[in-house]
J.: 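Mind having a look at this structure? Questions to follow.
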Amino acid sequence: MYKFIITIICQPGTRENILERAPAAQAATRAEAGCLSYDFFTCTDDPDKLVFVESWVDEAAHAFHMEQSHTKDFIAYHEQFHQSLTFETINPAA
């Protein structure tokens, strides 16, 4: 499994711009072969922080996802609202 967390710190006041488009990106992504889960969250401590958690069967499935037009469009759209973005690959603790 290939699992990761993306944390986006939004420029103040821009979080809703991303959240308006996130459900459509979520639906398209969940429909892809190889997607195990795709969820997004708002941080209760910081209104400008969004967290996306994705799980894929393997890195190849994620690579395929990154080439899809809906993925490229969503990334291009939300990048304009970033203050920062952190991508962390995670594994279950043993």
J.: Quick test of your reading: applying ring pair (Phe, Tyr, Trp, His ring centres under 6.0 Å), list the pairs with at least one residue in residues 75-94, sequence neighbours left out, ordered by first then second residue.
T.: Phe4-Phe87, Phe74-His78, Tyr77-Phe81, His78-His82
J.: Starting from the C-alpha separation in whole Å, work towards a yes-or-no answer on side chain to side chain contact (heavy atoms under 4.5 Å, CB included) for Leu85 and Ile6.
T.: CA-CA 7 Å; Leu85 181 143; Ile6 298 170; 3.8 Å; yes
J.: Who else is in Ile75's hydrophobic cluster (ILVMFWY, side-chain heavy atoms under 4.5 Å, direct or via others)?
T.: Met66
J.: Report the C-alpha distance between His70 and Glu32 in whole Å, list the side-chain angles of each, state the deciding distance to 0.1 Å, and finish with yes or no for side-chain hydrogen bond (donor to acceptor under 3.5 Å, both in side chains).
T.: CA-CA 11 Å; His70 69 88; Glu32 290 179 37; 2.8 Å; yes
J.: Before giving the answer on side chain to side chain contact (heavy atoms under 4.5 Å, CB included), spell out for Cys43 and Leu50 the whole-Å C-alpha distance, their side-chain angles and the decisive distance to 0.1 Å.
T.: CA-CA 6 Å; Cys43 183; Leu50 297 173; over 6 Å; no
J.: For the pair Arg30 and Asp39, find out whether any cationic side-chain nitrogen is under 4.0 Å from an anionic carboxylate oxygen.
T.: yes
J.: Go through the structure and list residues passing side chain to side chain donor-acceptor pair (under 3.5 Å) with Gln80, not counting sequence neighbours.
T.: none
J.: Under a 4.5 Å cut-off applied to non-hydrogen side-chain atoms, are Phe52 and Ile18 in contact?
T.: yes
J.: Apply side chain to side chain contact (heavy atoms under 4.5 Å, CB included) to residues Thr42 and Arg15 and explain how you reach the verdict.
T.: CA-CA 9 Å; Thr42 57; Arg15 180 183 84 168; 3.5 Å; yes
J.: Among residues at least two apart in sequence or on other chains, which ones pass side chain to side chain donor-acceptor pair (under 3.5 Å) with Asp48?
T.: none
J.: Under 4.5 Å between any side-chain heavy atoms of Trp56 and Phe64, yes or no?
T.: no
J.: I want to check something: taking the side chain as every heavy atom from C-beta on, are Leu19 and Phe40 in contact at a cut-off of under 4.5 Å?
T.: yes
J.: So, does Thr7 use its side chain to make a donor-acceptor pair with the main chain of Val51 at under 3.5 Å?
T.: no
J.: Please give the remaining members of the hydrophobic cluster of Met1, linking ILVMFWY side chains under 4.5 Å, ordered by chain and number.
T.: Leu36, Val57
J.: Under the side chain to side chain donor-acceptor pair (under 3.5 Å) rule, collect the residues that match up with Ser37, sequence neighbours excluded.
T.: Ser55
J.: Please check if the side chain of Thr29 supplies one atom and the backbone of Ala25 the other of a donor-acceptor pair under 3.5 Å.
T.: yes
